[in-house]
Amino acid sequence: KDSASGEEVYFPAGCEQADLDSALRYTAKNRDVFVCSYPKTGTTWLLNMTWLVIHRGHPFPGFLRKSMPMLEFDGCEAAELIDDSEFPRCIKTHLPYNFVPKNPRAKYLYIARNPKDALVSYFFHIKGFASLYQTEDPDINKLYDLYMKGEVEFNSYFDHINIWYEHRNDPNVMFLLYEDVKQDPRKEILKIAKFLGEEYESDLKAENGKLLEKIVELSSFKHMQSANIWVSTENKRPKDLPFIRKGKTGDWKNHLTTRQASDMNQALKERCNESGACHLWDK
Ligand code: A3P
């Protein structure tokens, strides 16, 4: 709970109030780059692309979280850890918009994904982290009900998208879609670069787009799945459930019933109507 606003947020297993307190203690700095999302919508992908753009194609050393701290999940000391880290820096967060520290001169990238695919990905995420979630055999139907009610980590996905979408035209916000990155990674990487600074964009385009091609390759599904650097517990996961799992759009068709899919479409229509986010996946 944010004691100042009274707003509450469901936290991942293993996180506690002190983690949120430390996140809320952090003051956003002028050149901070926040990579924001709801879980399982392509966060790691966006973090990787952002890092590669900022670091001109040099992959981060070691585990992702060492290079890119997570605001609300880094051992109750995120605020201090981030303050001690060097610029340029990327900060990961799943916090809903209202909880994210704001600074007009910081930048905020947000990635959204079709909620049906995000839910399926979340289901496999729970399966892959069985000991953390204390369940060997999660039930997708139960998860679906909780997801629709927003009784899952970081509250309702619909609310999460809505508010970020309302801010999509803020000068320091870039709103991306997982599906667009899948369709045309070059275009989306160039957009990210331009948003981060003209100098990044021109570097990517130089020498016939050599750097751009390198980043496309290093952020491809194949490359990312073969690298074992995304989560520190990767080695403890079942072999058939890597953290970078399937990377497809439309996998929901293999896991949700027709009824569940249409109820979710309807919920998206109703709950994201005012912001217009209900139309994000019309095509
Ligand atoms: P799936 O479980 O559907 O495969 P997050 O990083 O927010 O947890 O999101 C994880 C999802 O993004 C997983 O989806 C993962 O496979 C997908 N993903 C990660 N890197 C990707 C890439 N390079 N291309 C496509 N999908 C990717």
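Read the numbers this way: they start at 1 and go in the same order the structure lists the ligands and their atoms.
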Measure from every N or O atom of ligand 1 to the protein's N or O atoms and keep only the pairs below 3.5 Å, writing each with atom names and distance to 0.1 Å.
residue: ligand 1; atom: 2 (O); partner: Ser121; partner atom: OG; Å: 2.6
residue: ligand 1; atom: 2 (O); partner: Arg245; partner atom: NE; Å: 2.8
residue: ligand 1; atom: 2 (O); partner: Arg245; partner atom: NH2; Å: 3.4
residue: ligand 1; atom: 3 (O); partner: Arg113; partner atom: NH1; Å: 3.4
residue: ligand 1; atom: 3 (O); partner: Arg113; partner atom: NH2; Å: 2.9
residue: ligand 1; atom: 3 (O); partner: Arg245; partner atom: NH2; Å: 3.1
residue: ligand 1; atom: 4 (O); partner: Lys246; partner atom: N; Å: 2.7
residue: ligand 1; atom: 4 (O); partner: Gly247; partner atom: N; Å: 2.7
residue: ligand 1; atom: 6 (O); partner: Thr43; partner atom: N; Å: 3.3
residue: ligand 1; atom: 6 (O); partner: Thr44; partner atom: N; Å: 2.8
residue: ligand 1; atom: 6 (O); partner: Thr44; partner atom: OG1; Å: 2.5
residue: ligand 1; atom: 7 (O); partner: Lys40; partner atom: N; Å: 3.1
residue: ligand 1; atom: 7 (O); partner: Thr41; partner atom: N; Å: 3.1
residue: ligand 1; atom: 7 (O); partner: Gly42; partner atom: N; Å: 3.2
residue: ligand 1; atom: 7 (O); partner: Thr43; partner atom: N; Å: 2.9
residue: ligand 1; atom: 7 (O); partner: Thr43; partner atom: OG1; Å: 2.5
residue: ligand 1; atom: 8 (O); partner: Lys40; partner atom: NZ; Å: 2.8
residue: ligand 1; atom: 9 (O); partner: Gly42; partner atom: N; Å: 3.2
residue: ligand 1; atom: 14 (O); partner: Arg113; partner atom: NH1; Å: 3.1
residue: ligand 1; atom: 14 (O); partner: Ser121; partner atom: OG; Å: 3.3
residue: ligand 1; atom: 16 (O); partner: Arg245; partner atom: N; Å: 3.1
residue: ligand 1; atom: 23 (N); partner: Trp45; partner atom: NE1; Å: 3.1
residue: ligand 1; atom: 23 (N); partner: Ser219; partner atom: O; Å: 3.0
residue: ligand 1; atom: 23 (N); partner: Phe221; partner atom: N; Å: 3.4
residue: ligand 1; atom: 26 (N); partner: Tyr178; partner atom: OH; Å: 2.7

Legend entry - Salt bridge flag under 4.0 Å for residues Arg186 and Glu213: yes
Legend entry - The single option from Lys248, Arg245, Lys246 passing side chain to side chain contact (heavy atoms under 4.5 Å, CB included) against Val120: Arg245
Inset, instruction - Describe, in one word, how the ring planes of Trp51 and His55 are oriented to each other, choosing from parallel (under 30°), tilted (30 to 60°) and perpendicular (over 60°). - result: parallel
Inset, instruction - Please determine if Lys191 and Asp180 form a salt bridge, counting it only when a charged side-chain N lies under 4.0 Å from a carboxylate O. - result: no
Legend entry - For Thr50, the option from Leu46, Leu47, Val53 that meets side chain to side chain contact (heavy atoms under 4.5 Å, CB included): Leu46
Inset, instruction - Quickly, which of Tyr97, Phe154, Tyr38, Tyr147 forms a ring pair (Phe, Tyr, Trp, His ring centres under 6.0 Å) with His160? Name it, please. - result: Tyr38
